[in-house]
Number of protein chains: 2
Amino acid sequence: MSVGSGHIPNETIDRLFSYLRPLMCVLNRGSVTVSSRELAEICTVNPSVVRKDFSYIGSLGTRGVGYNVRELIESIRRALKFDNDIRIAVVGVGNIGRALLEHPRFGFEGFKIVAAFDSSPEKVGQTVGQVTVEDAADLEKRLQSEAVQLVIVAVPEICAPDVARRVGDAGVNSVLSFTPCGLAMPDNVNVTSVDLSLEMARLVYHSCSQEGLRIGDGAA
Amino acid sequence: MSVGSGHIPNETIDRLFSYLRPLMCVLNRGSVTVSSRELAEICTVNPSVVRKDFSYIGSLGTRGVGYNVRELIESIRRALKFDNDIRIAVVGVGNIGRALLEHPRFGFEGFKIVAAFDSSPEKVGQTVGQVTVEDAADLEKRLQSEAVQLVIVAVPEICAPDVARRVGDAGVNSVLSFTPCGLAMPDNVNVTSVDLSLEMARLVYHSCSQEGLRIGDGAA
DNA sequence: TAGTGATTGTGTTCACATTCACAAGCTACA
DNA sequence: TGTAGCTTGTGAATGTGAACACAATCACTA
């Protein structure tokens, strides 16, 4: 019962994703290995959770030493089927859309923005970041020809349902939306909404009820 | 063991927050009551989860009818100590900061942006949304005089650690950051990072491994 | 080569959360 | 008033993940 046999718990999957970026940081700092204790501290989880998580994708560490950072990143990405760049399109080049397009890091993290759309004539033709803004009229056709896997919907709330429908029709089944109210989408389309209000409310709640988080592992 | 006695499970707390916005939508649609089945459908959870969650904050529904939407929202907000507006400051008036400041909905959701800061002289003095951008030099002093409870850090990555430190020094203990790499903060400060890469990676993973989500409650 | 200190890997235990199933209670209507 | 149809509220069962504790293993040093 080791190495990728059996099934990986859902929570572990979620955490595996969240390890990736800290590991990148550790790698950039020049560390060759990282211990479960270190990584746990960065991610604010229990070290034994880290070890168990990694045990689900195979025994990757060396006792007494830790985990080889580079190998670890590789293994996680393999386990999460996150090998090739994910092809992304941004719909809506307002403040948020622009921020995304100008964000330089996506390239390093396995994402590639391949197209941007807007319906406003003065924006169409502009070059923002690495792409040139296209007319939203061509949305469906272009999503298909660019083999887009994920669409970021950053349009005004009123337009969102229409855009979402068209994206669904084009066969894209991952949508990241900045419109918090639920978009009615077919079952085969996964939608994640970025809801800052929600995060902020939770944050303040937890700050108020400051429950002491204990982390330790054995000798704490 | 009813009505606010005992303790509320963590997962329930999280969900209570996530019910708020859908309930607002239902309210705006003109519905007076909502059933656990309806709300569960919107939130993609099991109806019995909804009922149990609400049972932790008291018996709020009427059998055969459902829950009074307005009362429900009130009760949830009370339970989450989310009665008064949360006072927010935005640091960094770039694309993201501007998007936040111009976002009209916060006011309706219990948030009030009371200040914005930037270090660039040409931005200081501009009015964006409801506030006038102030010089970041006065940050600590102004955070205190405005009794800011939560700071949104939307500055370039390189400046983030410094801003975070100053925010911490000013006594604010909730920070929402758009800088994904962990900010080193004292223990009494809660930081939530908005990490789009993380969300996108999860989204694509779940779209690929399309596991059929079942929801039903008894008769499905 | 033996000893020391550190760290992983994991079986077991425990705590927590979800689901189920059904009684209790409401509305509507004849 | 009585009946039918919903919907809530909740005890009990089930499922799942987290924490723990410790054996196994490695590097390093004398």
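Worth knowing before you read on, the calculation uses all heavy atoms, side chains too, and leaves out hydrogens, waters and symmetry mates.
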| Any donor-acceptor N/O pair, A:Ser207 side chain to A:Leu203 backbone, under 3.5 Å |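 The answer is yes, because a donor-acceptor pair under 3.5 Å joins these two groups.
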| said: Of the options D:dA19, C:dT7, D:dT10, whose atoms approach the side-chain atoms of B:Lys52 most closely? | reply: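 Nearest listed nucleotide: D:dT10.
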| message | Taking 4.0 Å as the cut-off, does a side-chain nitrogen or oxygen of B:Ser36 come that near to OP1 or OP2 on D:dT7? | response |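 Answer is no, no contact under 4.0 Å.
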| request: Return the nearest nucleotide to the side chain of A:Arg63; candidates are C:dA24, C:dT19, C:dT7. | output: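 Side chain of A:Arg63 sits closest to C:dT7.
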| Rounded to whole angstroms, how far apart are CG on B:Leu60 and P on C:dG25? |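 After rounding, the reported distance stands at 17 Å.
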| How close or far is atom C1' of D:dT8 from atom CD of B:Glu71, stated in whole angstroms? |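 My rounded result for the distance is 14 Å.
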| query | What integer distance in Å separates B:Asn68:CG from C:dT27:P? | reply |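 After rounding, the gap between these two atoms is 13 Å.
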| request: Rounded to the nearest angstrom, tell me the gap between atom CG in B:Asn46 and atom P in C:dC20. | output: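 Checked: the CG to P distance equals 6 Å.
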| request: Using a heavy-atom cut-off of under 4.0 Å over every strand shown, decide if A:Phe54 touches base, sugar-phosphate, or nothing. | output: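 No contact at all - A:Phe54 keeps every heavy atom at 4.0 Å or more from the nucleic acid.
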| query | Would you say the side chains of A:Ser174 and A:Asn190 form a donor-acceptor pair under 3.5 Å? | reply |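 There is no such pair (donor and acceptor under 3.5 Å, judged by atom type) between the side chains of A:Ser174 and A:Asn190.
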| query | Between D:dA19, D:dT8, D:dA18, which nucleotide has the shortest distance from any of its atoms to the side chain of A:Ser48? | reply |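 The nucleotide sitting nearest to the side chain is D:dA19.
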| Do the side-chain N and O atoms of B:Glu157 and B:Thr179 include a donor-acceptor pair separated by under 3.5 angstrom? |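 No - no donor-acceptor pair under 3.5 Å links their side chains.
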| Taking CG from A:Asp53 and P from D:dA18, how many angstroms apart are they, rounded to a whole number? |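 Result: 7 Å.
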| message | Rounded to whole Å, please give me the gap between NE2 in A:His7 and P in D:dG15. | response |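 Atom NE2 in A:His7 sits about 13 Å away from atom P in D:dG15.
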| Side chain of B:Arg15 - closest among C:dA17, C:dT18, D:dG17 |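 For B:Arg15, the side-chain atoms sit closest to C:dT18.
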| request: State whether A:Thr62 places a side-chain N or O below 4.0 Å from either non-bridging phosphate oxygen (OP1 or OP2) of C:dT8. | output: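 Negative; the distance criterion is not met.
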| Earlier contact from the 5' end, DNA chain D, for B:Gly61 and A:Val49 |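 By nearest-heavy-atom nucleotide position, the 5'-most residue is B:Gly61.
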| Can you tell me if the side-chain N/O atoms of B:Tyr67 get under 4.0 Å from OP1 or OP2 in C:dC26? |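 Checking C:dC26 against B:Tyr67, no side-chain N or O comes under 4.0 Å of OP1 or OP2.
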| Of all the nucleotides listed (D:dG17, D:dA27, C:dA17), which has the minimum atom distance to the side chain of A:Val65? |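 Shortest atom-to-atom distance from the side chain points to D:dA27.
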| For B:Thr12 and B:Asp53, does a side-chain donor sit closer than 3.5 Å to a side-chain acceptor? |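 There is such a pair between these side chains.
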| task | Could you verify whether a donor N or O on one side chain and an acceptor N or O on the other, from B:Asp195 and B:Ser193, lie under 3.5 Å apart? | result |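 Not at all, the side chains of B:Asp195 and B:Ser193 share no donor-acceptor pair under 3.5 Å.
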| said: I want to check one thing: is the phosphate of C:dG11, taken as OP1 and OP2, less than 4.0 Å away from some side-chain N or O of A:Arg51? | reply: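 Answer no for this pair, as no side-chain N or O of A:Arg51 is under 4.0 Å from OP1 or OP2.
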| query | In whole angstrom, what separates A:Ile13's CD1 from D:dT16's P? | reply |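 Checked: the CD1 to P distance equals 15 Å.
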| query | B:Asp14 has an atom CG; how far is it from atom P of C:dC16, in whole Å? | reply |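 Atom CG in B:Asp14 sits about 16 Å away from atom P in C:dC16.
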